[in-house]
Amino acid sequence: MKNNLNKEQQKAVEHIDGPLLILAGAGTGKTATITHRLAYLVNLGIDPSSILTLTFTNKSAKEMRDRSFSLLDGSLTSSPLLCTFHKFGLLFLQLYIHKLDRQNNFVIIDKSDRTKILKNIDNSLPPSYVSSCISEFKNSGFLSNGENTLSHIKDYEKIISIYKKYEKLLIDDNLLDFDDLILLPFIIMNKFQDVRNEISSKYAYVMVDEFQDTNDLQLNLIKQICSNHNNICVVGDDDQSIYSWRGANIKNILDFDKHFKETKKIILNQNYRSSIEILDFANDIIASNSNRYPKHLKSNIGNKEKVDIIYSNNEHEEGMKIASIINKLRKDGSSMSNMAILFRVHAISRSIEEYLNKFNIPYKIIGGIKFYERAEIKDIIAYFRVIELQDDFSLKRIINVPKRGIGKRSVEKMEIASKKKNMKIFDFIVSSSDSELDEVIGARNRKSAKEFAENIHFLQDIAKSKIKSLSYELESSFSIRDYYESMQDSYNRLANIDEFYSYFSEYIEGDNHSLPSFLNDIALQGEQDNIEDEYLYLMSIHASKGLEFENVMVVGLENGVFPIIAEDVDIEEERRLAYVASTRAKHKLTFFSSQSRLYKGRGTILSPSLFLTKGEEMPFISKKTNNDFKIGDVAKHKVFGFGKVIEIKNENNKEKILINFGGNKRELLSAYVDKV
DNA sequence: TAGAAGCAGATTTTT
DNA sequence: TCTGCTTCTA
């Protein structure tokens, strides 16, 4: 097996039994190490199918699969399982969900489906808030009928009651949300020792990527899987833990040796990505954190390109500067995809876009609505699901799309009537006589419901006999194209649908690929944001994790923007974000900081981020008391200069003064203005 | 049932 | 300031 690993990486690769924690700093060859280890185990004669590797994203699962398979030169006798946590949960539940008296023809719902369901149950609390509470419950191992440690939550009683209704609805319709894909496997293994033993002996070697991002439930799941052997190898970087707000618990990696006794720890320090200058800066930032394993990244790449900090007076000046720098790089022949613009909050990208447009710089923003979250795609998927499963949830989505007169009330009536008969709505439509159905929804709606069911039956036959033409037949049976054609934004919608169809036909032509497996696969499929050469990419720092660019520009380095300053914000996590952003850069790193910015609809005066000033100056959260201004006093402001105080008022215990700066009147908090 | 008008809320979003 | 959602109106 060819390899050019360093000593520490090699040590990690050759560790076989017992818990191993690999602390891999940014750019230290984490993926190389994990994939080499996988190949190493296989080359020792260990059955590949007994090796389980878990990741968080489809993208990294694919990358690891490709890399480890290429190391193995096709010498595999069986396949190692290398997939996301959620995919593992899905595969598990297909085999074992019957233990909970549920069937394995479940449908996976996404976040917006869940919000919609919650809204229908009770709209008196914000559904998104309830949704995140439910996630929190599920991810801390809370069961709908069990105990919990979260009773301090606001509106607790009410949320629990919504939660119980929600769970009942999921069970009745055999739906699973994303959290269930982890929670239910945990519950099953926890309850049934035989299953736990079976799984643990099947997967005798377990690896987990990005371990710093695991939540409590995932850790517990891993413990179950490893209960027979403790052969657990995790890779991660506590300094890159930036998902605490999604339940990720940094303690999982910091206290790893408490969870798994006799852990061997290997630290990868040698960075192969960034220049010394960039690493010095990044090391310097992260060194201020106390919740971390002390470590210091090293690099042999010196290029004498300093880390730049560029200040601007406002966001326009900043946009202009960024666009001209990029334009110059482009003229010098640099590929657009070698550069990236990163920000903490999407809201500040607008002003930059304005100037990129002015300079004709082609760019793309990563983030926003994902392909599979688009309404038109979800509609088509719902049709496919009705064809395959006839589940109520999908049926309700499309029974009136395109409009066929079966409105909300009619659906409600059918739902009640079908529940009485313990049937799916679809089966109720099919099996009821005309007069029975007329009693529920009236003759006119009965006609279109029956017609709908006939069309679905026809498509079911197509799915069996010539599945390749399913999308074509779906189009013509339901005039779906006409429906979207009439909508605004029809061009994009139709293009999305076409893309979906072509993905479907590609998929279906593969080996052993059926409609059910297609539906399961796409349920967990995120968008593959492939970086294309001809575009400059703009993205949040979160979205940049795992990527690298020659030239990285980070904008909005101002207290209150980055770092965000608020009561519930963990400044250490903000610092980790600064660390992640910095370590994306290979050759050149530039920070932009503006003295004012139009933010949340207001022109705001801002001070340079404490990540740049090392915390020497933090007026945004300063305890400075109000100045004792009088009308007529001369005041000095760091940006607006000298002016005369013309009005003083007190609002919410804050002194505000109106100052005349040479004809320009501005109202400012007096704590930000000096008396002269 | 589409469009207007009014309103709150604005951090990140691997599955 | 802008967006997305709810409520109102024709």
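Computed from a predicted structure; not experimentally measured. Each chain gets a letter, A, B and so on, in the order the sequences are listed, and its residues count up from 1.
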Discussion item. For a quick check of understanding: with a heavy-atom distance under 4.0 Å over all strands, which category does Asp213(A) fall into, base, sugar-phosphate or nothing?
Written reply: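 Counting heavy atoms under 4.0 Å across all strands, the contact made by Asp213(A) includes a base.
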Discussion item. Applying a 4.0 Å non-hydrogen cut-off, can you work out what Phe85(A) is touching in the nucleic acid: base, sugar-phosphate, or nothing?
Written reply: nothing
Without decimals, in angstroms, what is the distance between [X] [atom1] and [N] [atom2]?
X         : N       : atom1 : atom2 : result
Lys59(A)  : dT13(B) : NZ    : P     : 14 Å
Ile366(A) : dT14(B) : CD1   : P     : 11 Å
Leu91(A)  : dT15(B) : CG    : P     : 16 Å
Glu373(A) : dT13(B) : CD    : C1'   : 9 Å
Tyr579(A) : dT12(B) : OH    : P     : 24 Å
His86(A)  : dT15(B) : NE2   : P     : 9 Å
Lys545(A) : dT15(B) : NZ    : P     : 12 Å
Glu63(A)  : dT14(B) : CD    : C1'   : 14 Å

Proximity to the side chain of [X] - top-ranked nucleotide from [options]:
X         : options                   : value
Ser540(A) : dT15(B), dT11(B), dT13(B) : dT13(B)
Arg246(A) : dT14(B), dT12(B), dT1(C)  : dT14(B)
Val569(A) : dT15(B), dT11(B), dT14(B) : dT11(B)
Arg350(A) : dC2(C), dT11(B), dT14(B)  : dC2(C)
Asn58(A)  : dT14(B), dT15(B), dT11(B) : dT15(B)
Leu598(A) : dT15(B), dT11(B), dT1(C)  : dT1(C)

Discussion item. Can you check the distance between dT13(B) and dG4(C), where both ends of the measurement are the P atom (answer in whole Å)?
Written reply: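 Between the two P atoms, the distance is 15 Å.
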Discussion item. Roughly how many Å apart are dC5(C) and dT12(B), using the P atom of each and rounding to a whole number?
Written reply: 15 Å
Is [X] salt-bridged to [Y], cutoff N-O under 4.0 Å?
X         : Y         : result
Asp216(A) : Lys251(A) : no
Arg273(A) : Glu548(A) : yes
Arg344(A) : Glu574(A) : yes
Asp180(A) : Arg114(A) : no
Arg292(A) : Asp239(A) : yes
Lys87(A)  : Asp521(A) : yes

N/O (side chain, [X]) to phosphate O (OP1/OP2, [N]) under 4.0 Å:
X         : N       : result
Lys600(A) : dT11(B) : yes
Lys138(A) : dT15(B) : no
His346(A) : dT13(B) : yes

Discussion item. With the stacking rule set at 5.5 Å and 30°, tell me whether Trp245(A) counts as stacking on dT12(B).
Written reply: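 Trp245(A) ring centre within cut-off of dT12(B) base, planes near parallel; stacks.
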